[in-house]
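Report on one structure; see the data block that follows.
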Amino acid sequence: DALMAKHGTDKGSSGANYHHVYAGIVDRIKFTPNLTMLEVGANRGNSLHFWADFFTDVGSISGMRYGIPDSQMATCSATFCSKVRIYDGDQSKTKDLLRVVRSSLGGVDRPLTLHSPAWSTYGYDFIVDDGSHVPQHMLLTFYTLFPYLKPGGIYVIEDTGFAYCDSAAQVYGYTIKNGGIGRQGGDNLVEWFKQLADHPMRRHTIPKADFTVFSKEIDEAVWNVEFVSGCVVIYKKTAAQYHTLNDHVRSAVPTACYMGKALADWKQLLSKQHIEGLHSYPRRMVSSNESQQATRHTQKGQAIGADDDGRAVEIDALMAKHGTDKGSSGANYHHVYAGIVDRIKFTPNLTMLEVGANRGNSLHFWADFFTDVGSISGMRYGIPDSQMATCSATFCSKVRIYDGDQSKTKDLLRVVRSSLGGVDRPLTLHSPAWSTYGYDFIVDDGSHVPQHMLLTFYTLFPYLKPGGIYVIEDTGFAYCDSAAQVYGYTIKNGGIGRQGGDNLVEWFKQLADHPMRRHTIPKADFTVFSKEIDEAVWNVEFVSGCVVIYKKTAAQYHTLNDHVRSAVPTACYMGKALADWKQLLSKQHIEGLHSYPRRMVSSNESQQATRHTQKGQAIGADDDGRAVEIDALMAKH
């Protein structure tokens, strides 16, 4: 935030409050050698100066502006600003976007396929769309530019609030015609990217791509999709991730389970969608020699242009050491966790709970991985002591195993009481006591029954500390639209795109709308799980068979709840789409859920929390300090 302020960009606390968003994203590419970047919507160039100052080894920072004369551009005499280039263009026109690509990358306007080794040097490491904010423009820009993102690269779409307008709204002379919460196939670009999220989620369990959202080339290149405070973030696969997900599919369910009416309905829906202004253009084909090189490269599982593959290899080795099936011997989640757990690896006195501890192998892995463990707790079901894995290492002394059935709220709360020390009612988000009470990390690798996972999240998420991470593994059964048995339970009403039943992925897509809408709307106008849970969610991420939910820090809670930014009249968001959405949510039910009272916070605690929150201080968070630094650099430019 301080760096944003230094450069005069409105991305920080003076405007959009995206310093919190970028603090969780850009550190993974901050030290990329010879980094190349493109920002659509460069305006006067302040944000470009910020990015040039932020990254440590810049090759080029390119920006596309629209309608800003040279006389109004921000000045910057610093050495790093010599790497900044500005190009004129209209992001609603494919030819303008491609002209900027040609000019900034050097004369090549056709990207290579994902397999090509040349992608390690050709393309952008980072693309930001902060342009017109017109949903159809954003969709066209993504479709055109994403193929030019390097493997391991990051694509950020800012200011998605207009997607939620379900009555006519004007943006730069363009009319938002058919948006609105939950409306698919039109101007709600958030729904387009929710659809895209199903691609890496389903490909974790299904051996072939059976639908297309943008294009086969784009869809198969997506590693994960993240929804955070008014922004959509799309990560491109590295070669190793592409190899893992496409060649090593893991499924515990017959493929036919996924191929029923829900999929047919889904394909029919997608077939009717259209991006305005889109004209197809030929992709550059890869030569047979390039293809052979790419095959050899991919088979070795080497990383192309990625920072996290090395971490994935290290994590996989540690998983193998402890005999857990989370790594390459089973679920291939070493790639998933490489992008998640480093932000909490060094948390002092870390506390963790894993549901579905099985024989305890994964608990030993976690105890070995984290550097300062307070306690690693696991909940097992039906495994006798005689079958538990043994571990004599010192770090395993911090591991505790509890018996319980995750389909029963009382069992979940008993484990909380036992592992956290006798308190079974969480404090509210405001309470400073949450800096020491609760879990830093929760993993659900239990029954994989969608309704159990929903009940477990509802019960345990309030016990996650601010800044904590909640991971739900193995969500594949959510896509079953015909009867399937899991541990004697029947998956009854799942299927791709089906809301309100056994497709838990759809529940968390609904939850993602909460932080997305709250960036522009001053009050919560719907509930998915509960007011307490929904308002505590910072972002929701969908990656290779896992859903990852991050809890707000106090500073993030203060930013998003008290400093709402909107360029659109609130009434724009309050039409029929919202009424239909609320009606849909009112019919949803989590099986086995029995409400239980939350512990109330004393007036003294409440006063402390108010003072603490007003100051915007961080509780139990690692990234807030980075957010302040980033905001200052943005303001500078």
Side-chain angles (χ1 to χ4, degrees), residues 27-29 151-152 154 200-205 221-226 235-252 297-347 350 352 354-371 373 376 378 389 391 393 395 440-446 448 469-476 541-550:
D27 274 355
R28 68 184 71 188
I29 57 172
I154 303 174
M201 294 295 282
R202 276 173 67 90
R203 282 306 299 274
H204 186 72
T205 51
V222 171
W223 174 244
N224 65 312
V225 184
E226 182 177 343
Y235 297 81
K236 196 162 194 172
K237 289 174 186 168
T238 65
Q241 290 167 343
Y242 184 87
H243 170 66
T244 297
L245 199 61
N246 286 41
D247 298 342
H248 295 96
V249 175
R250 180 201 198 199
S251 181
H297 196 96
T298 304
Q299 284 174 348
K300 292 177 182 178
Q302 298 170 348
I304 300 181
D307 292 322
D308 70 347
D309 280 332
R311 295 293 296 125
V313 171
E314 293 171 16
I315 289 172
D316 188 38
L318 198 60
M319 288 175 169
K321 170 185 171 183
H322 291 288
T324 173
D325 68 349
K326 293 185 189 295
S328 56
S329 65
N332 279 303
Y333 287 149
H334 52 300
H335 286 290
V336 174
Y337 283 114
I340 297 171
V341 291
D342 272 355
R343 68 186 70 188
I344 57 172
K345 179 176 174 63
F346 302 101
T347 300
L350 178 136
M352 175 190 170
E354 179 161 14
V355 175
N358 201 11
R359 297 180 60 247
N361 302 78
S362 61
L363 302 181
H364 301 159
F365 155 70
W366 292 121
D368 196 358
F369 174 81
F370 293 114
T371 58
V373 172
I376 302 287
C391 176
F395 53 76
D440 298 285
F441 188 36
I442 298 175
V443 174
D444 183 348
D445 185 20
H448 312 322
I469 303 173
Y470 192 111
V471 178
I472 303 173
E473 297 182 3
D474 296 311
T475 59
E541 181 177 343
F542 301 89
V543 52
S544 190
C546 296
V547 179
V548 187
I549 307 97
Y550 298 81

Take I549 and I472 through the side-chain contact (heavy atoms from CB on, under 4.5 Å) test and state the conclusion after the steps.
CA-CA 8 Å; I549 307 97; I472 303 173; 4.1 Å; yes
Can you tell which of [options] makes a side chain to side chain contact (heavy atoms under 4.5 Å, CB included) with [X]?
X	options	answer
S362	D325, D445, I376, T324	T324
L350	F370, W366, F369	F370
C546	T475, V336, I340, N224	V336

Separation between [atom1] of [X] and [atom2] of [Y], rounded to the nearest 0.5 Å:
X	Y	atom1	atom2	result
I469	Y550	CD1	OH	5.0 Å
E354	I442	CD	CD1	11.5 Å
Y333	D474	OH	CG	3.5 Å

Can you find a pair of side-chain heavy atoms, one from [X] and one from [Y], that are under 4.5 Å apart?
X	Y	result
M201	V547	yes
V471	Y337	yes
K326	I315	no
D27	R343	no

Do H322 and F395 have ring centroids that are under 6.0 Å from one another?
yes
Starting from the C-alpha separation in whole Å, work towards a yes-or-no answer on side-chain contact (heavy atoms from CB on, under 4.5 Å) for E226 and V548.
CA-CA 9 Å; E226 182 177 343; V548 187; over 6 Å; no
